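In what follows, every heavy atom counts, from backbone to side chain, and hydrogens, waters and symmetry copies are set aside. Just so we're on the same page: letters track the sequence lines, and every chain starts at 1. Keep in mind the model is a prediction, meaning the values are calculated, not measured.
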Amino acid sequence: MELNKYQRAAVLDESDACIVNAKVGSGKTTVLISKVLYLHEVKHISYDKMIVLTFTNKAADEIRERLLAQSGNCMFEGFGTFHSVALYLLREKLPIEELGYKPEFAVITPEEEEELALELIKEQKLKIKYQNRLKKRLEQEREPYENGSREPRYQDDLFLLMRLLGQEKLKRNEFTFRDIIRVTNYLLKKELQSGTGRLDFHPEWLIVDEVQDCDAIQIEFLTLLKQYGASFFAVGDPNQVIYSWRGSSSRIFYRLKDEFHARELSLPLNYRSSNVILEAAKHFQQNADDLTGTREFGDLIVVKNQYNSFQEANDLAVQIHLLAKRGIPYREIAIFYRLQSQSEQLEKVFATEEIPFEVSVKKTVQDVPILNWFLKKMKQDCQNRELFAGAPWKTERAIEVLDVSAQEIYDFLNVNEHLRQNSVGYQDEREQILAMLDRMLRYAKEQHLTLIDGFRQFLNSSALYGINILQKEVDMAEDSVKLMTLHASKGLEFSYVFIIGVNYGLIPLRTQDFEEEDEERRLFFVGMTRAKDHLELSYYTNPDLPRVAEGASRYIQMIPQHLIQDESRSDAAKEFTTDGRVDLQKMRKEVEKSDTMHTLAALFGAANTPTVGANADEAAPRRVRHEKYGVGVIVGEDENMIEAEFENYGKKEFMKMFSELEML
DNA sequence: CGCATGTGGATTTTT
DNA sequence: TCCACATGCG
């Protein structure tokens, strides 16, 4: 992609604080990366004077990968999620001993904190209401407690519990996710006020992704970092706030702009969706402003009425078979819904229909009981510095113990003693623990740490990351249909998007107040704008979920009629329907024996197929050489950027001003 | 303790 | 709307 004038303005902006209102699909990440490169290459800001903050690990990984592709290895002062950067400051920069913490602290998950709280309740005989929702109460009432509220929501000992919990965590040398940032803020503030300047910490640039998702303490963190002398550059979209139920707010974007006296720039050009989709989506924006399409008009949005979720799943199966026949890769098809439970019906039908699919459900190590137990045990054990004293291997330095195996550590720690060796699952459990130990060992080696420090750091960062050792993440490159909630769809794009269950009670969900209703609208906006070429919305006449009203949601009425192609049932399905059931066998046979394209044209009308890899430039290719990627061919160019394709690395973009390419 | 009555939450999920 | 839990009364 090449930088347009808005993107360029953001990259070249000179203000001390700048906040970029990046609309959906406007190249937000490209701008962020270009900004980092620009600061480094042109403004000669050293990477170790920059802090790059993201909200999720996924975003951090994507940015890291793209940066690496353009600039090789760069060492930032801080890079990653808010939590991992704060963790780094606690570990390397801040005097946590002054508060009574020890350097070998551990990070605990909300589940572990809840467990600790339950122990305290029992021990101290506290009266706590709604103990079945304790985790949620601890999360939701923490902020009022910290801000000095007198009384908890219900008349009980919750605030006393929080105080005791605080003492206990300090005693045990443990941090919750929230504590990581709160304690960091506290110490940063204290150092600033003391004015001693003894902290070895002088960030010059603070670069923030998805800034609209910050909660109150994350904003405080940013404010403090800025007070250490950093200039501020943030990108975000107030129309994509879909996590306000846990602390962010659609106003945060503008609040930050005010507080930092930041210059607001806008990236209005959407490169992703057809104009039909974009026009429709605009009606769900909070502040109808300058979101502008760059593509053709495109296919009308299909609105379809289904009897219930079973019929819908069958109809989708038919459509997907047809799309596959037409050569559309499965990976370009996605189905979004409001509730996790809605995937069940689809999974059943797709499995029998042999449609390759992946369901995006977040599973962590906590879903594997044995690993959950083992990691918790290791977290406790690793607080003891002498854990590996008397070990048979010669030295503790991991870099020198390449010959220490996971098995040796397993034996030394006597893990077998804790397992039921006669149980059916024993072999499996042993192997899982060995695999985990192996991974921890590798981590210690890579980080050049001693065994115990390596293990401890691995455990802390894995509390933040989750560990995806056993079940692979949903792989976007995998050629399968993706099923996910509207929330999970944020940041992704597909050629064909089906949003199902557009009934009142699901989309939008029944809400308490206007704020929540606004969020439902933003959520639908996020879902629609994932679609590049084709968007289909369906609703039930006879919904099988409780609290869901029959008939089209008013969100469907909010879309202008001229953008909609209304179909009571798809023609495709109708032709092969007998007694209300779709005969998929018959349909498949028909499609196979007939001239595919002809049949499909009849069924779908002359839909436009997305062009894949069509290269406009047929002239003799210009060749370039790059230090790392070797010889490649120029495939795109404007006054600032140049795009080249390399045999083993694919397409890469470069800023011309850095002249990394040698023309051949 | 059993029963009637009252209240509030359900869903999405990153670190 | 329905369900689980809290509270109050006999």
Side-chain angles (χ1 to χ4, degrees), chain A residues 53-61 80-88 90 107-113 127-142 153-156 175-184 209-210 212-215 217-218 221 240-248 336-343 360-367 459-468 473 484-491 501 503-513 515-524 526-527 543 545-550:
Chain A
L53 292 171
T54 65
F55 201 63
T56 64
N57 288 303
K58 200 170 130 196
D61 290 344
T81 62
F82 280 76
H83 291 84
S84 65
V85 169
L87 195 64
Y88 157 78
L90 287 177
V107 177
I108 59 170
T109 58
E111 289 74 23
E112 288 169 291
E113 190 191 27
K127 184 185 147 211
I128 300 289
K129 290 183 180 174
Y130 299 108
Q131 273 187 44
N132 55 331
R133 301 192 275 256
L134 184 60
K135 200 166 75 184
K136 196 161 192 182
R137 283 198 69 196
L138 283 173
E139 194 186 309
Q140 288 185 342
E141 296 184 55
R142 180 133 290 155
R153 183 113 183 246
Y154 312 94
Q155 285 210 324
D156 63 3
F175 288 76
T176 61
F177 296 148
R178 191 181 166 84
D179 295 335
I180 293 171
I181 299 191
R182 234 194 58 248
V183 174
T184 304
D209 186 31
E210 302 267 31
Q212 80 282 354
D213 279 334
C214 288
D215 64 15
I217 57 169
Q218 287 168 326
F221 183 54
Q240 289 190 72
V241 174
I242 56 173
Y243 290 116
S244 66
W245 40 272
R246 39 162 298 268
S248 67
F336 303 155
Y337 36 81
R338 186 57 177 71
L339 307 182
Q340 298 272 15
S341 63
Q342 289 176 269
S343 71
S360 162
V361 266
K362 184 78 187 170
K363 263 195 184 165
T364 64
V365 70
Q366 278 170 18
D367 301 308
L459 292 165
N460 284 348
S461 56
S462 68
L464 297 174
Y465 260 88
I467 301 173
N468 49 349
E473 297 257 299
M484 66 187 82
T485 62
L486 286 165
H487 282 90
S489 75
K490 194 181 176 189
N503 289 63
Y504 178 57
L506 281 173
I507 301 174
L509 214 59
R510 280 165 207 275
T511 49
Q512 313 275 328
D513 50 60
E515 300 238 338
E516 284 180 30
E517 156 72 37
D518 284 349
E519 180 125 331
E520 291 295 312
R521 234 167 53 222
R522 289 192 297 264
L523 186 58
F524 191 57
V526 167
L545 283 153
R547 291 179 300 253
V548 178
E550 65 175 73

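- Contact annotation: A:Q340 side-chain N/O to B:dT13 OP1/OP2 distance is under 4.0 Å.
- Comment: A:R142 engages A:E113 in a salt bridge, judged by a side-chain N to carboxylate O separation of less than 4.0 angstrom.
- Between A:T485 and B:dT13 there is a side-chain N or O to OP1 or OP2 distance below 4.0 Å.
- Side-chain N or O atoms of A:R137 include one that pairs as donor or acceptor with a backbone N or O of A:K129 at under 3.5 Å.
- At whole-Å resolution of the value, CZ in A:F55 and P in B:dT13 are 14 Å apart.
- Rounded to an integer number of Å, the gap from CG of A:L545 to P of B:dT12 is 11 Å.
- Counting all heavy atoms, side chain and backbone alike, A:D513 lies closest to A:E516 at OD1-N, 3.0 Å.
- Regarding A:D156, its CG atom lies at a distance of 14 Å from the C1' atom of C:dT7, rounded to whole Å.
- The distance from atom NZ of A:K129 to atom P of B:dG9 is 13 Å, rounded to the nearest whole Å.
- Distance, A:L138 CG to B:dT13 P: 21 Å, rounded to whole Å.
- Using a 4.0 Å heavy-atom distance criterion, A:K136 is classed as a base contact.
- Summary of the strand contacts: A:T81 and A:L523 both lie near DNA chain B, and taking for each the nucleotide with the nearest heavy atom, the more 5' one is attributed to A:L523.
- Residues forming a side chain to side chain contact (heavy atoms under 4.5 Å, CB included) with A:Y88 (at least two apart in sequence, or on another chain): A:E77, A:R91, A:E92, A:K93.
- With rounding to whole Å, A:K58 atom NZ is found 9 Å from B:dT14 atom P.
- Residue A:R510 is classed as having no contact, given no heavy-atom separation below 4.0 Å to the nucleic acid.
- Partners of A:T56 under the side chain to side chain contact (heavy atoms under 4.5 Å, CB included) rule, at least two apart in sequence or in another chain, are A:K58, A:A59.
- Here the side chains of A:E210 and A:K490 are in contact, with some heavy-atom distance below 4.5 Å.
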Salt bridge (Lys or Arg N to Asp or Glu O under 4.0 Å) assessment of A:E520 paired with A:R338: CA-CA 10 Å; A:E520 291 295 312; A:R338 186 57 177 71; 2.7 Å; yes
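- Whole-Å rounding puts the A:K127 NZ to C:dC5 C1' distance at 14 Å.
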Strictly under 3.5 Å: I want the nitrogen or oxygen pairs between protein and nucleotides 6-8 of chain B, one per line.
none

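- With B:dT12, B:dT15, C:dT1 as the candidates, the nucleotide lying closest to the side chain of A:L339 is B:dT12.
- Contact check, A:N57 against B:dT14: no side-chain N or O comes under 4.0 Å of OP1 or OP2.
- Atoms CD (A:Q512) and C1' (B:dG9) sit 7 Å apart, rounded to a whole Å.
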